[in-house]
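The structure appears below as structure tokens.
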Amino acid sequence: MNSYDKLRPWTDIESCECETISSLVLVDMLTDNPIHCGFCRCEVDPERIELTTDETESIADWFSASNALYRLWLHSGEYENYAKERLLDPNGQVNIEGRQIAREISARIPTQMWFFHDTDDGEPTKCPVCCNALDTNVKWGAGQCQTCHIHI
Ligand SMILES: [Zn+2]
Ligand SMILES: [Zn+2]
């Protein structure tokens, strides 16, 4: 992303072109849509996967809080440490809600929530929720915990 892009509307988001969507990750890629294909990482339109109005609303609601924290962390100012703490707390509101949503959508499409980590803190090897070793058989990211619906 270049500097100009930060002030531009997202008109040219890369959409998933996989023939079928076999998994989803809810992840903040600094766009307006956190629903991404687990295979190619591109964004997936909620209508394509037939999310209900309730599901779409709860994702939007969850995302408004989680992306606010993520942006505060990126901003590296007065709220950086606060935001990081909240994002890293497995019992924090955004993580509880995000995993709850992932669990619900998984009834139809296996879905995981991207769990925040700071690359300065090294590569994660354990699930931040259950502390078991991550399953590293992933297309992108460090690993996943299927039990906890976590992708990291
Ligand atoms: Zn895809
Ligand atoms: Zn876990």
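Remember, it's 1-based here, ligands and their atoms both numbered in the order they're listed.
Looking at Leu24 and Gln112, their side chains never come closer than 4.5 Å, going by heavy atoms from C-beta outward. Between Ile35 and Ile105, the closest side-chain pair of non-hydrogen atoms is not below 4.5 Å. Side-chain atoms of Tyr79 and Leu69, non-hydrogen and from C-beta on, never get closer than 4.5 Å to each other. Considering only heavy atoms from C-beta on, His149 stays 4.5 Å or farther from Val129 through its side chain.
For a distance threshold of 2.8 Å, the protein N, O or S atoms nearer than that to the Zn ion (ligand 1), listed by chain and number, are Cys16 SG, Cys18 SG, Cys37 SG, Cys40 SG. Near the Zn ion (ligand 2), less than 2.8 Å away, sit the protein N, O or S atoms Cys127 SG, Cys130 SG, Cys145 SG, Cys148 SG.
Using a 30° and 60° split on the angle between ring planes, Trp114 and Trp140 fall in the parallel class, below 30°.
Heavy-atom contacts from other residues, nucleotides or ligands closer than 6.0 Å to CD of Gln93 number 12 or fewer. Enclosure of atom CD in Glu80 by more than 12 non-hydrogen atoms of other residues, nucleotides or ligands within 6.0 angstrom is indicated.
One finds no salt bridge joining Lys84 and Asp120 here, because no Lys/Arg side-chain nitrogen approaches an Asp/Glu carboxylate oxygen to under 4.0 Å.
For the atom pair Cys42 SG and Met29 CE, the distance stands at 8.5 Å (nearest 0.5 Å).
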